[in-house]
Trainee: 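Pasting a structure here, questions to come.
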Amino acid sequence: MHKRRAADQARHRVETLRDSYGPPTQHQWTPRQSETYETAVRAWRDLDRDAQTAMTVKDT
């Protein structure tokens with residue numbers, strides 16, 4: 001449950017950054033914005049993978 005909550009919070013962070021920065025194809029992001037966004041996406045992806053793995057292990 002904690003891993004799913006962390007993944008959901010990370011997804012929310014990505015969405016907040018995207019809303020704040022604007023769509024990357026329509027706005028020129030600064031290098032810092034790009035790095036922050038990419039880091040947030042990687043964190044979300046990793047946390048989501050961990051949550052999925054934990055649910056799969058739990059079900060077996």
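Small disclaimer: the values here were computed from a predicted structure and weren't measured. The first residue in the sequence is number 1, and the count goes up from there.
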Trainee: Say you draw a straight line from NE2 of H2 to CG of L47; how long is it, rounded to the nearest 0.5 Å?
Mentor: 14.0 Å
Trainee: Run the side-chain contact (heavy atoms from CB on, under 4.5 Å) test on Y21 and T36 for me, step by step, so that the C-alpha distance in whole Å, both residues' side-chain angles and the decisive distance to 0.1 Å come before the verdict.
Mentor: CA-CA 11 Å; Y21 297 164; T36 299; 3.8 Å; yes
Trainee: Got a second to check how far S34's OG is from Q28's CD, nearest 0.5 Å?
Mentor: 7.5 Å
Trainee: How far apart are the C-alpha atoms of M55 and D50, what are their side-chain angles, what is the distance that settles it, and do they pass the side-chain contact (heavy atoms from CB on, under 4.5 Å) test?
Mentor: CA-CA 9 Å; M55 294 299 291; D50 293 347; over 6 Å; no
Trainee: Before you tell me yes or no, could you show the steps for R18 and Y37 under side-chain contact (heavy atoms from CB on, under 4.5 Å), namely the whole-Å CA-CA distance, both residues' side-chain angles and the distance that decides it to 0.1 Å?
Mentor: CA-CA 8 Å; R18 192 179 313 133; Y37 183 79; 3.1 Å; yes
Trainee: Using modelled atom types and a 3.5 Å cut-off, is there a donor and acceptor pairing between side-chain atoms of E38 and backbone atoms of E35?
Mentor: no
Trainee: State plainly whether the residues D46 and R49 are in salt-bridge range, i.e. N to O under 4.0 Å.
Mentor: yes
Trainee: Of all heavy-atom pairs between K3 and A54, which one has the smallest distance, and what is that distance?
Mentor: CD-CB, 4.0 Å
Trainee: Is it the case that more than 12 heavy atoms not belonging to R4 sit under 6.0 Å from its CZ atom?
Mentor: yes
Trainee: Apply the test salt bridge (charged side-chain N to carboxylate O under 4.0 Å, His left out) to residues D8 and R5: give CA-CA distance (whole Å), side-chain angles for both, the deciding distance (0.1 Å), then the verdict.
Mentor: CA-CA 5 Å; D8 290 344; R5 187 175 304 128; over 6 Å; no
